[in-house]
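Worksheet: the structure to be examined is printed underneath.
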Protein chains: 2
Amino acid sequence: MSQTAVHQCTHAALPLALAGVSDPCSHCESRSISLCSSLDEQGLAALSRITAAVPYAAKTDFVSEGEPATYLFNVTSGTVKLYRLLADGRRQIVGFLSAGDFIGIAVNDRYLYSAETVTPVTVCRFAKSKFKTVLEDYPALEKRLFLMAKNELAAAQDQILLLGRKTARERIASFLVMMDKRGAQPKGAALHAVHLPMSRSDIADYLGLTIETVSRTFTQFRNDGLIRLEGISGVTLLDPDGLAELAEGL
Amino acid sequence: MSQTAVHQCTHAALPLALAGVSDPCSHCESRSISLCSSLDEQGLAALSRITAAVPYAAKTDFVSEGEPATYLFNVTSGTVKLYRLLADGRRQIVGFLSAGDFIGIAVNDRYLYSAETVTPVTVCRFAKSKFKTVLEDYPALEKRLFLMAKNELAAAQDQILLLGRKTARERIASFLVMMDKRGAQPKGAALHAVHLPMSRSDIADYLGLTIETVSRTFTQFRNDGLIRLEGISGVTLLDPDGLAELAEGL
DNA sequence: CAAAGACATTGCGCTGGATCAATTTGCCAC
DNA sequence: GTGGCAAATTGATCCAGCGCAATGTCTTTG
């Protein structure tokens with residue numbers, strides 16, 4: 001199953017790889033926010049040489065929990081969800097990734113989670129074996145990976161607090177505030193229009209709730225004047241501060 | 001408040017520091033399982049020079065979430081709990097630590113969580129500023145820290161799955177299996193006697209449940225013949241495999 | 001060894017969120 | 001447009017785990 005996924009990657013990669021783009025990295029839009037920001041021109045070129053830019057369609061599984069971590073990925077556009085499953089199919093989404101985020105922190109050389117695209121996505125893919133040789137020459141890269149792992153750990157602990165001790169309202173409020181920060185408008189632009197690329201089911205599986213509770217809580221927030229729902233994937237936070245307080249349990 | 005805690009550390013450290021133990025590290029019992037295992041004799045000596053072995057009584061708070069991370073700690077004996085609080089006092093324990101575990105992975109140089117001893121504990125304490133200089137000379141140390149962060153991340157994601165999607169029975173089963181593995185007898189010794197140094201309240205706050213549900217589930221497991229309760233902090237797993245299956249949702 | 005306090009267990013009623021079941025809405029393909 | 005499907009919303013009921021209160025057990029201390 002995951003083999004299939006890997007094969008898909010390979011095929012999908014060919015068109016771009018053969019297109020002969022000499023150095024896709026140097027004009028990469030997510031360069032400044034990804035792990036590449038820790039590299040100088042020379043390092044970037046080294047990484048560029050082992051990189052394949054791969055596009056995936058929406059809803060494509062491309063990493064499977066427990067499989068050998070042969071590839072590492074850097075998301076350059078789109079949204080990805082990471083999830084783990086219980087034997088009977090219960091699903092827990094452990095994170096949503098977007099441009100600049102990294103996939104591939106492994107234990108015992110095996111992926112910790114499965115990954116599936118939410119929207120169409122492009123990733124930079126490295127073979128782990130080759131990546132390791134680049135790592136040796138550029139210790140700043142490893143420092144950067146460590147930093148990313150620490151941030152991921154901090155996010156995981158926020159999530160643990162949320163799942164262990166917050167109510168449904170507090171969870172949804174936390175989620176909206178998080179998504180708002182993520183897509184942050186430059187300054188404190190008073191317009192908190194948030195885009196939610198993922199389905200209600202994904203939100204539910206991320207927050208440890210059911211689809212119905214997510215939906216009901218959204219309408220509750222709407223009736224409370226906290227948000228405005230714009231179509232299916234748009235939300236405007238009418239009272240960001242109130243939501244932030246709710247999120248902290250105040 | 002946390003300042004007080006830091007001051008307590010300092011005072012508590014004095015007796016040992018002044019005792020003139022020349023090199024406590026070389027005969028340290030947790031040396032082989034802690035981050036020290038990544039150091040040679042010379043590195044160990046360097047670390048030893050900046051180390052203070054500090055004993056804490058049970059129920060001592062010694063790290064506070066959000067405070068500047070001035071010290072790093074290495075647990076050498078006893079059990080520590082790490083936790084985060086919500087504004088109204090709701091508490092979520094994010095992990096239990098024992099000998100060999102490390103405290104101090106920080107983001108923006110601030111602790112991610114508070115730490116309190118469960119039992120009497122001894123830690124090795126380093127000033128972060130000094131630790132950094134040792135880190136520069138011994139890159140293996142940083143690799144080891146990275147490895148520990150990755151393991152912590154894997155544990156955090158197990159916890160996320162547990163809190164988001166497991167029932168009370170499954171959570172308690174997971175907890176018992178985890179504690180059994182942790183205090184693992186050498187071989188597959190059929191005697192699964194597990195010691196639980198923490199209170200029911202700590203277990204509840206770790207598993208996202210209430211004290212009552214923890215207690216009720218223990219008695220349920222006893223009635224189901226899955227465990228035997230020996231006093232207040234002893235449990236024998238009568239059916240470790242059955243519990244492991246329950247933990248996975250089978 | 002008795003008294004007191006802290007912690008654990010048990011009983012019982014309640015409720016937040018789950019579950020089951022219709023609608024309703026939005027999105028394409030034609 | 002319109003027919004058809006997937007996703008979201010809404011309604012009605014249920015129940016796992018919570019909250020409170022009473023009781024029981026262990027530990028500490030004088």
Side-chain angles (χ1 to χ4, degrees), chain A residues 57-59 81 86 88-92 116 118-120 162-176 195-224 227-235 246 249, chain B residues 57-59 81 86 88-92 116 118-120 162-176 195-224 227-235 246 249:
Chain A
K59 300 188 189 180
K81 65 190 179 203
L86 244 31
D88 61 356
R90 275 173 287 173
R91 188 179 65 152
Q92 177 64 42
E116 182 181 330
V118 173
T119 62
L162 178 146
L163 293 171
R165 289 299 180 223
K166 289 188 185 176
T167 65
R169 280 175 67 90
E170 289 163 355
R171 292 179 199 202
I172 298 283
S174 304
F175 178 70
L176 290 174
H195 178 67
L196 305 179
M198 67 292 289
S199 68
R200 297 291 187 260
S201 159
D202 285 344
I203 298 174
D205 281 349
Y206 180 60
L207 299 177
L209 301 169
T210 57
I211 304 177
E212 293 93 327
T213 301
V214 170
S215 184
R216 275 188 255 269
T217 309
F218 274 137
T219 37
Q220 224 180 286
F221 280 4
R222 172 166 51 72
N223 296 340
D224 294 350
I227 62 173
R228 189 167 46 219
L229 293 165
E230 334 261 20
I232 208 127
S233 64
V235 193
L246 225 185
Chain B
K59 301 186 189 179
K81 65 189 179 206
L86 244 29
D88 62 356
R90 275 173 286 172
R91 187 179 65 153
Q92 177 63 42
E116 182 181 331
V118 172
T119 62
L162 178 146
L163 293 170
R165 289 299 179 222
K166 288 188 186 177
T167 65
R169 281 175 66 92
E170 290 163 354
R171 294 180 197 201
I172 297 284
S174 304
F175 178 69
L176 290 173
H195 178 67
L196 306 178
M198 67 292 288
S199 68
R200 295 292 187 261
S201 159
D202 286 343
I203 298 174
D205 282 348
Y206 181 60
L207 300 177
L209 300 170
T210 58
I211 304 178
E212 293 93 326
T213 301
V214 171
S215 186
R216 278 187 255 269
T217 308
F218 273 138
T219 34
Q220 223 180 288
F221 280 4
R222 172 166 50 71
N223 296 341
D224 294 350
I227 61 174
R228 190 166 46 220
L229 293 164
E230 334 261 18
I232 209 125
S233 64
V235 193
L246 225 184

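Residue numbers begin at 1 in each chain, while the letters A, B, ... track the order of the sequences. Reckoned from all heavy atoms, side chains included, excluding hydrogens, waters and symmetry mates. Because the structure is predicted, anything quoted here is derived from the model rather than measured.
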- Heavy-atom side-chain proximity of B:Leu163 to B:Gln92 below 4.5 angstrom: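 A side-chain contact exists here, since the closest heavy-atom pair is under 4.5 Å.
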- Message: Could you check whether any side-chain heavy atom of A:Phe221 comes within less than 4.5 Å of a side-chain heavy atom of A:Val235, counting everything from C-beta outward?
- Response: no
Length of the [atom1]-[atom2] vector between [X] and [N], whole Å:
X	N	atom1	atom2	result
B:Ile232	D:dG24	CD1	P	16 Å
B:Arg169	D:dA16	CZ	P	11 Å
B:Gln220	D:dA16	CD	P	10 Å

Working to the nearest 0.5 angstrom, can you tell me the gap between [X] [atom1] and [Y] [atom2]?
X	Y	atom1	atom2	result
B:Leu229	B:Phe218	CG	CZ	7.0 Å
A:Thr167	A:Leu209	OG1	CG	9.0 Å
B:Ser174	B:Arg169	OG	CZ	12.0 Å
B:Gln220	B:Ile172	CD	CD1	10.0 Å
A:Asp202	A:Leu196	CG	CG	11.0 Å
A:Thr213	A:Arg200	OG1	CZ	13.0 Å

- For A:Lys59, answer base if it contacts any base atom (sugar-phosphate contacts may also be present), sugar-phosphate if it contacts only those atoms, and nothing otherwise; contact means non-hydrogen atoms under 4.0 Å.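 Sugar-phosphate, no base atom in range.
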- Closest heavy-atom contact between B:Ser233 and B:His195? OG-CE1, 3.2 Å
- Message: Students should find this one: the first and last nucleotides of DNA chain C, 5' to 3', lying under 4.0 Å from a heavy atom of chain B. What are they?
- Response: C:dC7 to C:dC12
- Position toward the 5' end of DNA chain D (nearest nucleotide), A:Gly231 or A:Arg165: A:Gly231
- Here the residues of residues 195-211 of chain A within 4.0 Å heavy-atom distance, strictly under, of DNA chain C are A:Gly208, A:Leu209, A:Thr210
- Query: Closer to the 5' end of DNA chain C via nearest nucleotide, is it B:Leu229 or A:Arg216?
  - Reply: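 This one resolves to B:Leu229.
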- Item | Inter-axis angle, terminal five-pair segments of the helix from C:dC1-D:dG30 to C:dC30-D:dG1 [nearest 10°] | 50°
- Output yes when a side-chain donor or acceptor of A:Arg171 lies under 3.5 Å from a complementary backbone atom of A:Leu207, and no otherwise. yes
- Say whether, by atom type as modelled, one donor and one acceptor occur between the side chain of B:Arg165 and the main chain of A:Arg90 under 3.5 angstrom. no
